[in-house]
**Student:** 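Next up is a structure, given as structure tokens.
Only this structure's heavy atoms are used, side chains among them; waters, hydrogens and symmetry mates stay out.
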Amino acid sequence: MNTPTEIIRTEKVSKLYPVERGTFGRVKRWFRALNSVSVKLLQGETLGLIGESGSGKTTLGKIILDIEKPTGGRVLYRGRDVEELKGEEYKRYRVNVQAVFQNPQSSLNPRWQVWKIVTEGLRINGIVKKKEELIGKGRELLSLVHLPEEALFKYPHQLSGGQKQRVAIARAIALKPEVIVADEPTSALDVSVQAQIVNLFLELQEKFSISYLFISHSIPVVEAVSDRVAVMYKGYIVEEGKTEEVLNKPAHPYTELLLNSLPGTGKNFNETDETTETPETGCPFYPRCPKRKKECLNFNMELREITETHRAACILV
């Protein structure tokens, strides 16, 4: 059995944002969005990324897309530091790592017809130049995402939310990428449409062996699409492993909190109360943790092995 190829790896990636400046513009206070985050993405697999708003999920996605630069650490693409890629090598990276964003209404050019939206990457990269050929490629792409041919000449405002997201997905796969960063791609859609989009992602992955970094608040959606799951809290990976292990046998108290906040348990995902600031040392979840001990304030946030495929950053492991 062949070992899957590693496409993307982040090594101890950190990200700081200035939140307060003093005299002469000097930064007095920083917000730490990511704390030494290390993840990997293998060919043809889906890594689900879950956590509350502000946990760092989207920031990590933007750094992998090279929309943002890390403050510390590095991103490796097929073993090469992305910061060291130049010319054609860097162009290849940008072609092979694409994105599908949360709100297709804001990510699609309202002045362009669908055929132009989905084929712009082909035109920019010189793969297809003539309008007639671009329209033909657009027709092929719409077929792949199960949109009718007449959608080619429509504008985004003439499409439903689900159709717009299918257009965004068609645009993402146009250049035959190895990786797609999908940032909350179903959260703006009706529940019935969400299922259709999830099935489309799975279908395209089977057809083209695409790797997904799938960022979502929805644990059921992540469970449906992911081979592995990483749980983020305040910029840390607090637990990661095979989907069934993490979701069926959570080892970190924060993961348990997320699972207990699913619909039907009496508490919504984003209604977890946080009344205490993050401690300066130790586990950032300490103020909210029902299992906390004094030793947690000295805990070094490193993932500890539970099984060969399951790790958690908790003193109780």
Side-chain angles (χ1 to χ4, degrees), residues 10 12-22 27-39 48-63 68 70-73 183-184 187 215-220 222-223 229-241 245-306 310-317:
T10 68
K12 297 184 177 181
V13 165
S14 297
K15 182 64 179 179
L16 299 173
Y17 293 102
V19 293
E20 185 180 351
R21 295 184 182 272
V27 179
K28 294 176 62 177
R29 189 160 61 91
W30 296 88
F31 170 68
R32 186 174 289 274
L34 294 177
N35 295 274
S36 195
V37 172
S38 298
V39 296
L49 204 56
I50 60 175
E52 294 166 289
S53 296
S55 61
K57 307 185 303 296
T58 293
T59 301
L60 181 61
K62 287 180 177 179
I63 286 175
E68 302 234 10
T71 307
D183 189 358
E184 299 281 3
S187 63
I215 301 167
S216 181
H217 280 91
S218 173
I219 293 174
V222 167
E223 184 175 18
V229 170
V231 184
M232 293 195 72
Y233 182 73
K234 290 203 168 180
Y236 290 95
I237 299 288
V238 297
E239 186 164 358
E240 64 95 12
E245 290 182 306
V246 173
L247 300 186
N248 294 332
K249 296 181 179 179
H252 197 283
Y254 177 63
T255 309
E256 291 184 31
L257 175 80
L258 294 187
L259 297 177
N260 290 334
S261 67
L262 288 170
T265 59
K267 202 168 190 181
N268 291 330
F269 189 92
N270 285 319
E271 291 180 346
T272 47
D273 299 322
E274 186 167 7
T275 57
T276 310
E277 291 187 3
T278 306
E280 293 184 4
T281 60
C283 179
F285 189 58
Y286 178 84
R288 301 168 66 185
C289 184
K291 301 178 182 180
R292 64 178 179 249
K293 300 180 179 181
K294 288 183 178 180
E295 294 85 348
C296 299
L297 290 172
N298 297 315
F299 179 66
N300 184 8
M301 287 293 290
E302 292 183 349
L303 291 165
R304 295 180 170 184
E305 189 173 285
I306 302 164
H310 189 190
R311 302 185 299 163
C314 182
I315 201 170
L316 301 175
V317 173

**Student:** Tell me the closest heavy-atom pair linking L303 and A313, and the distance in Å.
**Tutor:** CD2-N, 3.6 Å
**Student:** If I take atom OG1 from residue T255 and atom CD1 from residue I50, how far apart are they, to the nearest 0.5 angstrom?
**Tutor:**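 Between atom OG1 of T255 and atom CD1 of I50 there are 6.5 Å.
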**Student:** R32: what forms a side-chain hydrogen bond (donor to acceptor under 3.5 Å, both in side chains) with it, not counting sequence neighbours?
**Tutor:** N35
**Student:** Donor-acceptor check, side chain of T281 to backbone of N298, threshold 3.5 angstrom: yes or no?
**Tutor:** no
**Student:** Would you name the heavy atoms of V238 and H252 that are closest together and state the gap between them?
**Tutor:** O-CD2, 3.6 Å
**Student:** Nearest heavy-atom pair of I215 and G61: which atoms, and what distance?
**Tutor:**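 Heavy atoms of I215 and G61 come nearest at CD1-CA, 4.2 Å.
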**Student:** For the residue pair P279 and P287, establish whether any side-chain heavy-atom pair is separated by less than 4.5 Å.
**Tutor:** yes
**Student:** E302: which residues meet the salt bridge (charged side-chain N to carboxylate O under 4.0 Å, His left out) condition with it, sequence neighbours left out?
**Tutor:** none
**Student:** So, do V13 and I63 sit near enough that their side-chain heavy atoms are less than 4.5 Å apart?
**Tutor:**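 Yes - at least one pair of side-chain heavy atoms lies under 4.5 Å apart.
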**Student:** Is S14 reaching over with its side chain to a backbone N or O of T71, donor-acceptor style, under 3.5 angstrom?
**Tutor:**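 Judged by distance alone, no pair lies under 3.5 Å.
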**Student:** Hey, could you give me the CE/NZ distance between M301 and K234, rounded to the nearest 0.5 Å?
**Tutor:** 11.5 Å
**Student:** Roughly how far apart are I315 CD1 and R292 CZ, rounded to 0.5 Å?
**Tutor:**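 Nearest 0.5 Å value for the CD1-CZ distance: 14.0 Å.
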**Student:** Y233 vs F285 aromatic rings, parallel, tilted or perpendicular, using cut-offs 30° and 60°?
**Tutor:**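 Perpendicular.
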**Student:** Check K57 against E52 and note the closest heavy-atom contact, atom names and distance.
**Tutor:** NZ-O, 3.2 Å
**Student:** Can you tell me how far apart CD (E245) and CZ (R311) are? Round to the nearest 0.5 Å.
**Tutor:** 12.0 Å
**Student:** Verify side-chain contact (heavy atoms from CB on, under 4.5 Å) between K15 and V37, making sure each step is shown before the conclusion.
**Tutor:** CA-CA 10 Å; K15 182 64 179 179; V37 172; over 6 Å; no
**Student:** What's the shortest heavy-atom distance between P253 and C314, and which atoms?
**Tutor:** CD-SG, 3.8 Å
**Student:** Please walk me through it: do M232 and L49 pass side-chain contact (heavy atoms from CB on, under 4.5 Å)?
**Tutor:** CA-CA 7 Å; M232 293 195 72; L49 204 56; 3.8 Å; yes
**Student:** OH/Y236 to SG/C283 distance, rounded to the nearest 0.5 angstrom?
**Tutor:** 9.0 Å
**Student:** What heavy-atom pair brings V246 and V231 nearest, and what distance separates the two atoms?
**Tutor:** CG1-CG2, 4.0 Å
**Student:** Looking at E239 and P250, would you say the former's side chain and the latter's main chain have a donor-acceptor pair under 3.5 Å?
**Tutor:** no
**Student:** Describe, in one word, how the ring planes of Y17 and F31 are oriented to each other, choosing from parallel (under 30°), tilted (30 to 60°) and perpendicular (over 60°).
**Tutor:** parallel
**Student:** Between atom CZ of R29 and atom CG of L16, what is the distance when rounded to the nearest 0.5 Å?
**Tutor:** 13.0 Å
